[in-house]
Amino acid sequence: MSKYDPARIEAKWQKKWLEGGIFRADDGSRKPKYYQLETFPYPSAAGIHMGHPKGYTAEDIHARYMRMRGREVLYTMGWDAFGLPTENYAIKIGKSPKEVAAENIDNFRRQVRLLGLSYDWDREINTSSPEYYRWTQWLFIKLYKKGLAYRAKARVNWCPQDQTVLANEQVIEGKCERCGALIEEREMEQWFLRITAYAERLLAGAKGLGWPAATVKRQEDWIGKSEGALLGFPIADFPESIEVFTTRLDTLFGATYVVLAPEHPLVGQLKPKIANWKEVAGYIEEASHKTELMRQEAAKEKTGVELKEVRAVNPATKEEIPVWIADYVLGSYGTGAIMAVPAHDERDFEFAKKFGLPVKQVVCGRYPEPVCPVLDAAYVGTGRLVGSGKFDGMDSEEAKKAIAEFVRGTMKTQYKLRDWSVSRQRYWGAPIPMIHCPKCGIVPVPEKDLPVLLPELENYRPRGMPPLAGSPEFIDVKCPECAGAARRDPETLDTFVDSSWYYLRYADPRNEEAIFDKEKARRWLPVDLYVIGAEHTVLHLLYSRFITKFLHDEGYLAFDEPFTNLRHVGLILGADGQKMSKSKGNVVNPDGLVKEFGADVVRLYLMFMGPFEDAHPWEPKGILGMERFLSRVWKWGERAVAAPSGENAPAVHKAIKKVGGDIERFKFNTAISTLMILLNDLEAGDRPVREDAESFIKMLYPFAPHLAQELWSLGGHENCLDREPWPSSDSALANAEKITLVFQVNGKVRGTAEADAAIGGDEAKALALGDPKVRAALAGKEPQKVIYVEKKLVNIVA
RNA sequence: GCUGGGGUGGCGAAAUGGCAAACGCACCGGCUUUAGGAGCCGGCGCCGAAAGGCUUGCGGGUUCAAGUCCCGCCCCCAGCACCA
């Protein structure tokens with residue numbers, strides 16, 4: 001008998017798997033395909049931490065299981081290698097980002113391989129390689145040609161630390177997602193992708209997906225659709241009117257003032273009319289200096305200034321009402337102006353109370369009411385109209401339409417979603433494949449000239465301009481149209497562009513003629529299962545869906561949703577319960593653990609920690625339990641694989657069903673506990689049966705593949721377990737002949753008895769009534785009712 | 001504030017409306033060992049000597065039966081945050 005020695009067996013099998021190309025996804029296989037994806041990692045200098053192998057192991061278990069279930073599985077790995085942290089780190093240590101990225105990737109690959117994951121390594125991709133970013137650039141040009149990439153001056157989020165623009169989604173509480181610096185707003189000319197053109201389809205498409213409901217909801221909230229109307233409030237003695245957006249046109253008669261955002265262009269035009277211009281200008285000035293964060297902090301207290309002498313006309317009542325500016329109205333949403341209805345909007349109510357503006361109720365929840373009550377809070381619900389002239393008594397919903405007609409408002413659907421800013425003023429990214437020609441304007445780089453290679457530079461540090469702008473060899477170029485002197489765009493693409501299409505490339509990663517072959521795309525896509533961190537519920541998923549829909553519209557893809565099913569992996573937190581981070585010093589690296597316990601033990605432990613979607617603090621002690629379990633498997637297995645043949649025990653049949661179902665539902669913790677219970681059972685049996693051992697080994701294989709494979713080969717098998725079918729479960733055999741019946745009196749358990757599984761209701765009831773403890777509990781009372789639940793219990797009501 | 005997800009032993013947790021706490025960690029006792037951060041056997045929610053009683057955040061309800069379903073409240077976590 002030998003000792004369980006993971007170091008020996010794991011290296012051996014990993015080598016065999018790799019050399020044998022066991023996990024290669026076969027383009028030509030006749031088996032039905034199954035495409036599994038996991039977020040490809042950003043290869044940081046720190047290497048992987050415990051969080052990575054958790055998601056990876058789950059995917060690997062699932063992939064191995066699916067192969068055993070006869071699927072041709074596409075499951076591979078790549079590197080999201082462009083990006084700021086690598087660039088910043090490279091500058092810090094005085095190397096080129098390219099070198100640093102290559103080192104990081106090598107280190108990640110080495111670490112990941114130690115885990116024994118069943119990747120098809122022939123499909124590995126790297127977003128920072130010219131073979132890849134060539135197609136990122138190609139995609140950008142495609143978007144540009146369809147009018148979906150455009151340049152515009154816009155207020156952008158500027159990170160003063162990283163010296164670059166960030167997408168709205170990359171700004172967290174007014175701070176840079178990467179470095180935490182306070183974001184400034186700047187007016188800059190930028191490249192944008194017109195994701196808003198797809199808002200409606202992105203919204204509609206999210207519905208039917210096999211995604212967690214919360215994730216779908218977040219996508220919907222981010223897109224933020226609201227249906228309402230645009231209408232004009234004329235300004236007294238002034239040619240322009242104020243256009244507002246509202247979803248509550250039914251409350252129009254209650255609009256007692258109008259509010260403009262401080263940056264609204266009309267404010268400037270109205271200057272000659274405004275009696276208190278100095279005060280107004282002061283407010284605008286103040287508001288422009290407020291960052292997003294300050295605005296949020298100040299949100300509790302409303303501020304604003306009236307534009308004295310300016311009067312707007314409520315188009316329904318024809319009354320003149322005051323006009324204010326206030327920063328609770330956002331310049332970037334709707335028309336940048338609102339009609340304020342304090343009686344029916346919380347914000348307007350608060351504002352009106354503070355500045356003594358009239359509150360006029362026009363919707364009653366209960367109707368008719370003799371006198372509408374004095375409101376002490378805004379009533380935001382619906383109801384019937386009052387104080388609204390000829391619309392009195394009308395239902396809110398109906399009134400919206402009727403009033404729209406009455407004041408000639410136009411129906412309008414508004415979204416919170418904004419276009420995607422993709423320009424980055426940094427070096428380590430895909431160069432934007434555009435040329436600025438003084439004569440021809442903006443000209444895309446011809447497809448045959450792709451990729452636009454990212455040059456090596458002397459200095460990668462941003463100095464108030466993008467690093468590439470300082471390289472004449474890169475920047476100076478002939479215009480592809482007029483051949484005159486022109487300049488390349490010096491900016492690079494946001495790394496979210498790189499990752500918005502990587503899953504497509506895995507289907508055909510070495511193609512040099514096209515982004516991918518349509519046949520291969522048809523073969524493998526869309527992704528059947530995506531395991532992704534819960535932090536990516538908005539950004540990456542939304543961008544990917546947008547790009548997929550675009551390529552669908554362009555005829556490259558037959559489907560328009562990339563990820564059919566989605567699972568979120570819960571974080572592994574530091575031992576302190578905080579998110580792992582270098583600055584907190586709580587990062588756990590799997591290398592040492594794999595070395596000490598072996599990959600199988602580490603894999604098992606990660607899966608056993610609790611529900612897959614839940615976050616768990618790292619608690620190293622529990623790993624000993626997994627080591628004990630696998631040592632016992634080894635000890636028992638060595639003996640059992642050589643045991644005489646027989647039939648699978650009922651417990652084995654039962655476990656097969658349970659474990660398979662649990663893998664499919666990502667309930668790995670209970671799958672493992674089922675295996676533990678089964679081992680306890682089998683160990684306790686009189687003598688091992690070879691078939692029991694083999695079924696057990698097959699079930700263990702997805703979880704602890706090295707150990708399972710070693711035992712399999714000890715049992716005299718030469719093939720790889722990956723090619724073995726998942727054991728079959730006979731449900732007739734899974735049901736044992738004996739069951740435990742529970743006896744209850746008035747719902748309380750009073751006794752149990754072993755019984756034949758085929759026992760009938762009357763027989764069971766008689767058994768229960770005969771039980772001494774049941775009789776004692778009844779204390780002579782007559783049973784009123786006896787309930788029998790088949791094969792489970794008898795409840796006597798007395 | 002809004003939205004979503006949760007609250008079960010010392011800890012991670014389990015439980016198609018049907019024996020709450022499976023499985024594991026930690027802990028306690030025993031056996032074995034030159035030794036143990038090894039192995040094996042047993043114990044381990046709370047009260048109680050026992051019989052038995054009580055127990056899934058709190059309060060109600062539905063049901064023969066509720067951790068699970070319904071209503072109200074408290075607390076925790078995550079996301080969004082003046083989007084008209």
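Nothing here was measured: the structure is a model prediction, and the numbers come from that model.
In terms of position along RNA chain B, the nucleotide closest to Phe597(A) lies nearer the 5' end than the nucleotide closest to the other residue of the pair Phe597(A) and Lys785(A).
Counting any heavy atom pair closer than 4.0 Å across all strands shown, Gly334(A) reaches no nucleic acid atom. Glu596(A) comes within 4.0 angstrom of a base, heavy atoms only. Using a 4.0 Å heavy-atom criterion, one finds that Pro611(A) contacts the sugar-phosphate atoms exclusively. Counting non-hydrogen atoms under 4.0 angstrom, Lys792(A) reaches a base of the nucleic acid. Among the atoms of the strands shown, base atoms are found under 4.0 Å from some heavy atom of Val789(A). Note on Ile672(A): nothing from the nucleic acid sits closer than 4.0 angstrom, heavy atoms only. In this structure, Lys667(A) reaches the sugar-phosphate backbone alone: every heavy-atom distance under 4.0 Å involves primed, P, OP1 or OP2 atoms, never a base. Using a 4.0 Å heavy-atom distance criterion, Thr740(A) is classed as a base contact. Contacts of Ile787(A) with the nucleic acid, taken as non-hydrogen atoms under 4.0 Å apart, include base atoms. Residue Asn680(A) is classed as a sugar-phosphate contact, given heavy-atom separations below 4.0 Å to backbone atoms only. Across all strands, Gln744(A) comes closer than 4.0 Å to base atoms (heavy-atom distances).
The separation of C76(B) from G57(B), taken at their C1' atoms, amounts to 10 Å, rounded to a whole angstrom. Rounded to whole Å, the separation between the P atoms of G53(B) and A66(B) comes to 16 Å. Across the C1' atoms, A21(B) and A13(B) are found 9 Å apart, a figure rounded to whole Å. A gap of 15 Å separates the P atoms of G45(B) and G24(B), to the nearest Å. With both ends at atom P, the span from A22(B) to G10(B) equals 14 Å, rounded to whole Å. For the C1' atoms, the distance linking C23(B) with A15(B) amounts to 12 Å, nearest Å.
Both cation-pi conditions hold for Lys54(A) and Phe612(A): the charged atom is under 6.0 angstrom from the six-membered ring centre and inside a 45 degree cone around its axis. Cation-pi geometry between Lys302(A) and Tyr328(A) is met: under 6.0 angstrom from the ring centre, within 45 degrees of the axis. In this structure, Arg750(A) forms no cation-pi arrangement with Phe743(A), as its terminal cationic atom is not both closer than 6.0 Å to the ring centre and no more than 45° off the ring axis.
Nucleotide A50(B): unpaired (no Watson-Crick or G-U wobble partner with both distances less than 3.5 Å). Under the Watson-Crick and G-U wobble criteria, each requiring two contacts below 3.5 Å, nucleotide A65(B) is left unpaired. Base pairing of G42(B) is made with C28(B), judged by Watson-Crick or G-U wobble geometry with both donor-acceptor distances under 3.5 Å. U3(B): Watson-Crick or G-U partner is A78(B), with both key distances under 3.5 Å.
Among the nucleotides A38(B), C23(B), C80(B), the one closest to any side-chain atom of Arg628(A) is A38(B). Here A84(B) is the nucleotide among G12(B), C64(B), A84(B) with the atom lying nearest to any side-chain atom of Phe245(A). Comparing atom distances between the Val742(A) side chain and each of U3(B), C23(B), C19(B) picks out C19(B) as nearest.
Rounded to whole angstrom, the span from the CZ atom of Arg750(A) across to the P atom of A65(B) amounts to 14 Å. Between Lys3(A) atom NZ and A38(B) atom C1' the separation is 9 Å, expressed in whole Å. Nucleotide G24(B) holds its C1' atom 15 Å from the CG atom of Leu606(A), rounded to whole Å. In this structure, the CG atom of Leu330(A) is 11 Å from the P atom of A81(B), given to the nearest Å. Protein atom CD of Glu346(A) is 8 Å distant from nucleotide atom P of C2(B), rounded to whole Å.
In the model, Ser226(A) has a side-chain atom that pairs as donor or acceptor with a side-chain atom of Tyr333(A) under 3.5 Å. Under the 3.5 Å distance criterion, with hydrogens and angles disregarded, a donor-acceptor pair is assigned to the side chains of Glu200(A) and Tyr415(A). With no hydrogens or angles considered, a side-chain donor-acceptor pair links Thr215(A) and His568(A) at under 3.5 Å.
For Lys621(A) against C11(B), a side-chain-to-base donor-acceptor contact under 3.5 Å is absent.
Of the side-chain N and O atoms in His616(A), one or more sit less than 4.0 angstrom from OP1 or OP2 of A13(B). An OP1 or OP2 oxygen of A84(B) is reached within less than 4.0 angstrom by no side-chain nitrogen or oxygen of Tyr328(A). Between Arg632(A) and G39(B) there is no side-chain polar atom (N or O) within less than 4.0 angstrom of OP1 or OP2.
Base orientation of G37(B): anti (glycosidic angle beyond 90° from 0).
Checked against the 6.0 Å centroid threshold, Phe192(A) and Trp420(A) do not count as a close aromatic pair.
For the atom pair CG of Leu707(A) and OH of Tyr4(A), the computed distance is 5.0 Å after rounding to the nearest 0.5 Å.
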